[in-house]
Amino acid sequence: MGMYLNPGADKFRMALNSKIYVDKTGLLAILDGLLNTDQRFVCVSRPRRFGKTMAANMAAAYYDRTVDGAEVFRGLAVTRSDSFEACRNRFDVLRINMQEFLSASRSTEDLLRLLAEDIGDDLREAYPEVQVRDGRTLSYHLQKVYQHTKRSFVIILDEWDCIIREYQNEKEAQECYLDFLRDWLKDREYVALAYMTGILPIKKYGTHSALNMFDEYSMTDPGPMAQYAGFTTAEVQALCQKYHMDFATAKQWYDGYGFSSVGEIYSPRSVVAAMLRGRFGTYWNQTETFQALRVYIDLNLDGLREDVIRLLAGARIPINIGTFSNDMTTFHTADDVLTLLVHLGYLAYDEARAEVYVPNKEVMMEFVNAVSAGGWQEIAHSIKASERLLQATWRQEEAAVAAGIEAAHLETSQLTYHDENALSYTISLAYYAAREYYRMVREMPAGKGFADIVFLPREQHLDRPVMIVELKWNQEAASALRQIKERKYPEALSGYQGKILLVGVSYDRKTKHHQCKIEEYKCASGKCD
């Protein structure tokens with residue numbers, strides 16, 4: 001057992017020994033199918049704290065020929081795979097965390113030298129009969145050993161993209177590193193599997209990618225790796241039941257990274273921390289300050305500021321992810337910045353609709369922190385005032401509600417404000433505080449049409465009134481209430497026995513003023529059915 005060559009299963013055992021371990025070994029069965037094929041090059045990119053290192057340790061323990069996988073993986077999902085006995089513990093494994101080498105280096109050249117020397121030391125110790133000489137390349141070392149053993153390598157690179165992230169403005173250093181990886185791995189018969197993990201997809205430069213032999217599985221296109229990108233709904237439900245935590249609240253806090261093939265995916269780090277501590281809170285983003293997000297949203301490329309305001313209001317923004325250069329500095333449009341935020345975990349991506357959105361409460365709080373400290377004082381003020389606006393609505397104080405919405409409009413003046421759709425963004429942001437108590441549904445099918453915005457109480461806040469909000473442009477607020485009643489929007493709440501507020505909001509383009517009318521809906525039977 002060496003430091004990098006065949007490192008054993010100790011690190012994976014730590015995960016197994018943890019108070020919470022969620023079985024993700026099914027990933028190994030997918031990798032088994034790629035061994036010694038043209039598809040043996042795999043790059044998995046996910047946000048920080050989404051289980052990348054655990055998966056790398058798991059793969060190392062599984063393929064390492066010095067490990068007894070039958071004992072280590074006993075009872076886990078991969079043992080039910082047809083490939084388990086044929087593939088486990090059959091290879092020499094190189095398990096490398098590139099961040100460790102970067103931290104010990106002064107340059108890319110220094111990093112590559114240290115890498116060749118340290119792995120060379122491991123190879124010499126394991127194969128003293130093979131002449132692994134100093135000063136030769138890493139590919140030379142591996143080829144010599146392979147010629148001697150005829151046993152190919154599984155190469156696992158964790159944090160492979162650390163140079164792209166930390167040497168952000170050093171193009172030559174990045175290209176030198178990418179060319180090294182290509183020369184080390186591409187078309188090499190000693191590679192049975194190359195499994196790389198990082199935050200960013202593979203960096204492009206020039207007219208091609210230096211690592212075009214890799215198949216990439218990312219937060220915009222996870223493919224068959226989707227269920228291993230985080231915790232699934234069933235896994236979180238099981239944890240909530242075991243730790244006596246409310247699943248609906250867990251969903252509100254940590255859900256939102258949806259993939260069509262598996263449904264919703266939850267932030268693993270946050271779910272584990274919430275279960276172990278017995279309370280919901282911000283855990284994933286404690287590993288990096290909100291300043292990291294602020295740097296990107298302050299760029300304001302191509303209307304980015306307006307997009308961020310809409311995202312804060314709960315909107316989904318159409319984007320084109322195809323122009324992203326897979327680094328942290330090359331931005332031509334707002335879409336490039338938004339795509340980076342998807343890979344960093346600050347936004348989720350709906351592949352079917354090509355839209356991004358803020359996935360959950362935990363991440364939304366990070367956006368609020370970033371705008372509050374980033375010169376967006378007007379937006380921050382609107383968010384702080386939202387609790388007062390909500391209280392005024394519950395008390396049916398029409399003048400106070402109209403004034404609060406008008407103030408929010410002035411504070412979000414970056415939004416193009418010329419129709420009911422734009423008005424809805426202002427309303428959504430003005431009622432930011434309502435998200436604590438409500439699930440907000442836009443264009444909800446109701447009665448004989450679609451209600452503009454409906455605030456439905458969350459399970460733990462059923463004492464709050466439902467609010468049906470109708471918006472009007474250059475009309476009286478009273479006409480909004482009439483529409484709610486005439487089109488029988490409350491009928492969509494059949495069986496609901498709580499209080500229902502009908503809220504009409506209008507905006508007059510000439511006077512620049514808002515109006516508000518609020519009524520409590522009365523059901524003849526006392527039950528809206």
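Fair warning: this is a prediction, and the values are worked out from it, not measured in the lab.
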If you round to the nearest 0.5 Å, how far is [atom2] of [Y] from [atom1] of [X]?
X: Leu200; Y: Ser218; atom1: CG; atom2: OG; result: 10.5 Å
X: Ser267; Y: Phe50; atom1: OG; atom2: CZ; result: 4.0 Å
X: Glu235; Y: Ile265; atom1: CD; atom2: CD1; result: 7.5 Å

*Do the rings of Tyr266 and Phe247 sit parallel, tilted or perpendicular, given the 30° and 60° boundaries?*
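Ring orientation, 0 to 90° scale: tilted.
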
Would you mind reporting whether [Y] and [X] have side-chain heavy atoms less than 4.5 Å apart?
X: Leu185; Y: Phe214; result: yes
X: Thr233; Y: Lys251; result: no
X: Thr53; Y: Thr197; result: no
X: Phe324; Y: Thr220; result: no
X: Leu304; Y: Leu338; result: yes
X: Tyr432; Y: Lys384; result: no

Under 3.5 Å, is there a donor-acceptor pair linking the side chains of [X] and [Y]?
X: Thr333; Y: Asp335; answer: no
X: Gln143; Y: Glu189; answer: yes
X: Asp64; Y: Thr66; answer: yes

salt_bridge([X], [Y]) N-O dist < 4.0 Å:
X: Arg458; Y: Glu436; value: no
X: Asp158; Y: Arg95; value: yes
X: Glu306; Y: Arg310; value: yes

Identify all side-chain donor-acceptor contacts of residues 35-42 below 3.5 Å with residues at least two apart in sequence or on another chain.
{"unit_1": "Thr37", "atom_1": "OG1", "unit_2": "Leu34", "atom_2": "O", "d": "2.7"}
{"unit_1": "Thr37", "atom_1": "OG1", "unit_2": "Gln39", "atom_2": "N", "d": "3.1"}
{"unit_1": "Arg40", "atom_1": "NE", "unit_2": "Val191", "atom_2": "O", "d": "2.7"}
{"unit_1": "Arg40", "atom_1": "NH1", "unit_2": "Thr37", "atom_2": "O", "d": "3.0"}
{"unit_1": "Arg40", "atom_1": "NH2", "unit_2": "Arg188", "atom_2": "O", "d": "3.4"}

*side chain to side chain donor-acceptor pair (under 3.5 Å) partner of Asp336, chosen from Thr323, Asn326, Thr330*: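 The side chain to side chain donor-acceptor pair (under 3.5 Å) with Asp336 is passed solely by Thr323 among Thr323, Asn326, Thr330.
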
*Determine, step by step, whether Glu216 and Asp221 satisfy the side-chain contact (heavy atoms from CB on, under 4.5 Å) criterion, reporting the C-alpha distance in whole Å, the side-chain angles of both residues, the deciding distance to 0.1 Å, and the verdict.*
CA-CA 8 Å; Glu216 297 190 70; Asp221 184 11; over 6 Å; no

Determine whether a donor-acceptor pair (N or O, by modelled atom type, separation under 3.5 Å) exists between the side chain of [X] and the backbone of [Y].
X: Glu166; Y: Ile163; result: no
X: Arg90; Y: Arg88; result: yes
X: Ser18; Y: Met14; result: yes

Please report whether the ring centroid of [Y] lies less than 6.0 Å from that of [X].
X: Tyr4; Y: Phe101; answer: yes
X: Tyr254; Y: Phe231; answer: no
X: Tyr346; Y: Trp284; answer: yes
X: Phe73; Y: Tyr62; answer: yes

_Within 45 degrees of the ring normal and closer than 6.0 Å to the centroid, is that where the cationic atom of Arg316 sits relative to Tyr357?_
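That pair qualifies as a cation-pi contact.
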
